[in-house]
Each structure stands twice: as structure tokens, then as C-alpha cells.
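The first residue in the sequence is number 1, and the count goes up from there. Here the structure is a predicted model, which means the values were calculated and not measured.
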Amino acid sequence: NSADENKQALQNVEISMIPDQGGVTLRNLLIDSFYKDGYPDHPAYRLDVGTLRETVSDLDITATSESTRRQIRIAADMVLVDLSSGGPAVLRRTLTSTTSYNVLGSQFTTRVSEKDAREAALHELARQIETQTVLYFKR
């Protein structure tokens, strides 16, 4: 079936290191998604993801200029490289994931909400990277 073929194609992709803490989290999500039978022994492709670019913006501003909601946007450039034919990039995409969270009275609660929103954005980014990679193999 084609879902199995897609997963098999992902097994042939080596995932390069991604800089910073968010990058480590994203890479781990990709590893969990791509590799069902362990790391590839002889990968045919390499997935490179550049440094994640994060922006945080205030959304709802009260009359006293305090933010009640913030948005986190994480962007990343992905490049899929064909290792078998000398390493040209066969796929390049810039992907973006956006989430938001409430700014609450408690700093601790706000920090937890921010962490959860960042994690959700990274999960979405991993899903987008997987989708783009699968679509490349389906062409």
C-alpha cells in the first residue's frame, strides 16, 4: 500500500543535526516520524534543516498596553539532498508554523503556555517537513 511505500522512502533519508534547542527537538520529532526500523544503514538522501527562526509578537493589547495573547512563529529552510548522484539539492522549501498562547497573571503559567505553544509549532513544522518529503518521493 502507498502509506507503507511512503514510510519506506522516509527510511532512506538521513536527518542532519539541526542547531539550537528547538532544532534538537525538531530533529527528534523527525527521527520518530521517519524511522520505524532504526536509522538507515545506507541512506540515499540527506535532509538538512537550517537554524530555526523564531519570532514572538504581541496580539491582544489592553488599554494599559499589556499583552494578553502572544504569537510564536517558527520558520525553517529544508533541503533534501540526493546522495547517490553527487549531492544536488532535489527539494528546497521554506516552511512556517504559527501558534499562540495566553499571557496570564502568573509568570510561571505564562511560561508553561509559551513552552507548550513552541512545542506545538515544532510538531507542526515536523509534520510539514514529512509531508514535503513524502510528496517529493510520490512525484
Given side chain to side chain contact (heavy atoms under 4.5 Å, CB included), test Val79 with Leu91 step by step and report yes or no. CA-CA 6 Å; Val79 178; Leu91 177 68; over 6 Å; no
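- The CD atom of Glu130 sits 11.0 Å away from atom CG of Asp32, with the distance rounded to the nearest 0.5 Å.
- Looking at Asp82 and Ser85, their side chains do bring a donor and an acceptor atom within 3.5 Å of each other.
- Note on Leu135: it does not cluster hydrophobically with Leu30, by side-chain heavy-atom contacts below 4.5 Å among ILVMFWY residues.
- In this structure, Thr99 contributes its side chain and Ala117 its backbone to a donor-acceptor pair below 3.5 Å.
- With values rounded to the nearest 0.5 angstrom, Thr109 atom OG1 is found 9.5 Å from Arg111 atom CZ.
- Between Val49 and Arg27, the closest side-chain pair of non-hydrogen atoms is not below 4.5 Å.
- There is no path of hydrophobic side-chain contacts, each under 4.5 Å, that joins Ile129 to Val24.
- Ion pairing of Arg53 with Asp77 is present here, as a side-chain N (NZ or NE/NH1/NH2) and a carboxylate O approach within less than 4.0 Å.
- When side chains are defined from C-beta on, Arg73 counts as touching Thr96, because their heavy atoms get closer than 4.5 Å.
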Does Glu14 form a side chain to side chain contact (heavy atoms under 4.5 Å, CB included) with Tyr45? I'd like the steps, not just the answer. CA-CA 6 Å; Glu14 172 191 347; Tyr45 294 86; over 6 Å; no
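- Side-chain atoms of Asn102 and Thr68, non-hydrogen and from C-beta on, never get closer than 4.5 Å to each other.
- With hydrogens and angles disregarded, no donor-acceptor distance shorter than 3.5 Å links the side chain of Asp20 to the backbone of Gly22.
- Among all heavy-atom pairs drawn from Pro43 and Leu83, the shortest one is O-CD1, 3.7 Å.
- Remark: Leu29 CG to His123 NE2 distance equals 4.5 Å, nearest 0.5 Å.
- Taken from CG in Leu47 to CG in Leu80, the straight-line distance is 6.0 Å, to the nearest 0.5 Å.
- Inter-residue side-chain proximity for Leu10 and Tyr35 is flagged as unmet; no heavy-atom pair is nearer than 4.5 Å.
- With a 4.5 Å cut-off on side-chain heavy atoms, Phe34 and Gln11 do not count as touching.
- For NZ of Lys36, the number of neighbouring non-hydrogen atoms (other residues, nucleotides, ligands) closer than 6.0 Å is greater than 12.
- With salt bridges taken as basic N to acidic carboxylate O contacts below 4.0 Å, one links Asp48 and Arg46.
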Between Thr25 and Asn28, is the side-chain hydrogen bond (donor to acceptor under 3.5 Å, both in side chains) condition met? List the steps. CA-CA 5 Å; Thr25 301; Asn28 288 337; 5.9 Å; no
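- Side chains of Ile74 and Leu26 form no contact here, defined as non-hydrogen atoms less than 4.5 Å apart.
- Ser97 places a side-chain N or O within donor-acceptor distance of the main-chain N or O of Ala121, the cut-off being under 3.5 Å.
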Side chain to side chain contact (heavy atoms under 4.5 Å, CB included) between Tyr39 and Ile31, worked out: CA-CA 8 Å; Tyr39 289 95; Ile31 286 170; 3.6 Å; yes
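- Residues Val103 and Arg69 fail the side-chain proximity criterion, which asks for heavy atoms closer than 4.5 Å.
- No side-chain heavy atom of Asn12 sits under 4.5 Å from any side-chain heavy atom of Phe137.
- Put simply, Tyr101 and Leu104 are part of two different groups of oily side chains (I, L, V, M, F, W, Y) that touch within less than 4.5 Å, one to the next.
- Rounded to the nearest 0.5 Å, atoms CD1 (Ile72) and CD (Glu119) are 11.0 Å apart.
- A cation-pi contact, defined as under 6.0 Å to the ring centre and within 45° of the axis, links Arg139 to Tyr136.
- Note: Leu52 CG to Leu125 CG = 6.5 Å, rounded to the nearest 0.5 Å.
- Gln71 contributes no side-chain N or O that, together with a main-chain N or O of Asp58, makes up a donor-acceptor pair within less than 3.5 Å.
- Between the side chains of Gln132 and Gln128, not a single donor N or O lies within less than 3.5 Å of an accepting N or O.
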